[in-house]
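Indexing begins at 1, ligand by ligand and atom by atom, following the structure's order.
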Amino acid sequence: MKISMVSEHASPLAALGGVDAGGQNVHVAALSEALARRGHHVTVYTRRDSADLPERVRILPDLEVVHVDAGPAQRLPKDELLPFMGKLADGISRDWGNRPPDVVHGHFWMSGLAALDAARRGSIRIHVPVVQTFHALGPVKRRHQGAQDTSPLERQWLEPSVARSVDRIIATCSDEVFELKAMGIDTTRISIAPCGVDVHLFAGDGAVEPRSSAHRILSVGRLVPRKGVDLAIRALSLLRNAGFADVELLIVGGGDAAALGDDAEASRLSAVATELGVRDQVTFRGQVPRGAMPGIFRSADAVVCTPWYEPFGIVPLEAMACGIPVVAAAVGGLRDTVVDHGTGLHVPPKDPAALAAALARLLGDARLRRDLGRAGQERVRVRYSWDRVAGETERAYLHTLAACADSRRLDPVEGAAL
Ligand code: UDP
């Protein structure tokens, strides 16, 4: 198949851990590579966010990234990109010329708009099937972030319109299906394919980052309030009161380490730690390149993922793949990926006391940590390899192509145009 991916803000080539560079970048990169390895021809279209970027970057013989001129050639917050989606669609359809792909797959609601726009242009004589993965949904974000949600107002009607207009939606977890259903979307048009893990990079064997004899708790991700990193800091002080004073919290993510002093969320978290008297137990590592992540995961006794909400969450899978137990807030995709008392422990969201209790249980029981870690590795191996996820995605594409071909047969006007 000839496949076009559209990922307006999340380039597969970007460094991870900054405010707008996280799971979606990993997802688009790894899914595209796995599809290319399965024999498909994949092109990823993303917005040019630096004047230095070449127009095309070939990653594999059958995978390339195309940087489309759409708005200023500089990094902009993703919530400011809506005005440039028409230009992104122009660039995509120009690149297609008269040889459109078999399927176009939009990532995030704005890319869905550009994908639909490019696919439905009059210049293209055939119906290009559009598949959409939302990665995050506006109603969920609004519910949790309220006035702090910086999404453009138009998201409220454009995102549901994308959901209604595309040929198929790929949800990444069951919670997302419920949310889409609540938006009035027909669930027969939804497939589920989770995010995956690079099981060759993230594995139990391999280098381990040296650490002190203190227990190590690890938090990995973009430094934004909704990731709930402050809960891990609050749990540290509760753990200390419970007799676990020898515990280090390593916080990875949030831009270049040298510039963390200027990062509002890093400063807020540091102030929380100082106020609770645990600042000496907390290390801010800043952004870490992907290749160094497995060694850091392997050095931890437990990985904490306690976001307010989480559309999917790749970090817990990476931890599980490395054999490390996860303490996860029971929200969104984490309810599917982390099995409570199987591969980690669930805690209620925004509950530092429950988090501290779960961590105390793990830190006090090496055997439990080992058993949960082993089960996590096994779960990732059988369920979350990118090859398996790419296979599920491929099935969703084929299903979409067949459904579109059927509807064309039933539609005499479009059928005649072919
Ligand atoms: N990540 C990284 N270096 C960092 C911080 C994060 O490589 O300094 C990676 C992390 O390993 C994971 C991704 O960024 O692969 C974050 O994905 P997740 O789905 O957990 O969160 P999102 O950013 O999508 O909300």
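The cationic atom of R379 (NZ for Lys, CZ for Arg) does not lie both less than 6.0 Å from the six-membered ring centre of Y384 and within 45° of the ring axis.
With a heavy-atom cut-off of 4.0 Å, K227 touches ligand 1 through its side chain alone. Here H27 has no heavy atoms under 4.0 Å from ligand 1, in either its backbone or its side chain. Residue contacts with ligand 1, taken as heavy atom pairs separated by less than 4.0 Å, involve E318 solely via side-chain atoms from C-beta onward. Only the side chain of V26 comes within 4.0 Å of ligand 1, judged by heavy-atom distances.
For H41, the NE2 atom sits in a packed shell: over 12 heavy atoms of surrounding residues, nucleotides or ligands are nearer than 6.0 Å. For K87, the NZ atom counts as loosely surrounded, since its 6.0 Å shell holds 12 or fewer non-hydrogen atoms of other residues, nucleotides or ligands. With a 6.0 Å radius and a threshold of 12 heavy atoms from other residues, nucleotides or ligands, R367 has its CZ atom at or below the threshold. Applying the 6.0 Å contact sphere to CZ of R94 captures no more than 12 heavy atoms from other residues, nucleotides or ligands. Counting heavy-atom neighbours within 6.0 Å of R75 CZ, excluding the residue itself, gives a total of 12 or less.
Considering backbone and side-chain N/O of V220, none are found under 3.5 Å from N/O of ligand 1. Some N or O of G23 is nearer than 3.5 Å to an N or O of ligand 1, by distance alone. When only interatomic distances are considered, the shortest N/O to N/O separation between V315 and ligand 1 falls below 3.5 Å. Annotation: G221 places no N or O atom under 3.5 Å from an N or O atom of ligand 1; distance criterion only.
Within the listing of ligand 1, atoms 25 (O) sit less than 4.0 angstrom from a heavy atom of R226. Of all atoms in ligand 1, numbered sequentially from 1 with element shown, those under 4.0 Å from a heavy atom of R222 are 22 (P), 23 (O), 25 (O). Which parts of ligand 1 touch M293 is read off a 4.0 Å heavy-atom cut-off, strictly below it: atoms 3 (N), 7 (O).
For atom 19 (O) of ligand 1, the candidate residues are I251, I314, L334; the nearest heavy-atom contact is made by I314.
Of the candidates R216, R361, R370, R369, R369 is the only one forming a salt bridge (charged side-chain N to carboxylate O under 4.0 Å, His left out) with D301.
The side-chain heavy atoms of E154 and L82, taken from C-beta on, include a pair separated by under 4.5 Å.
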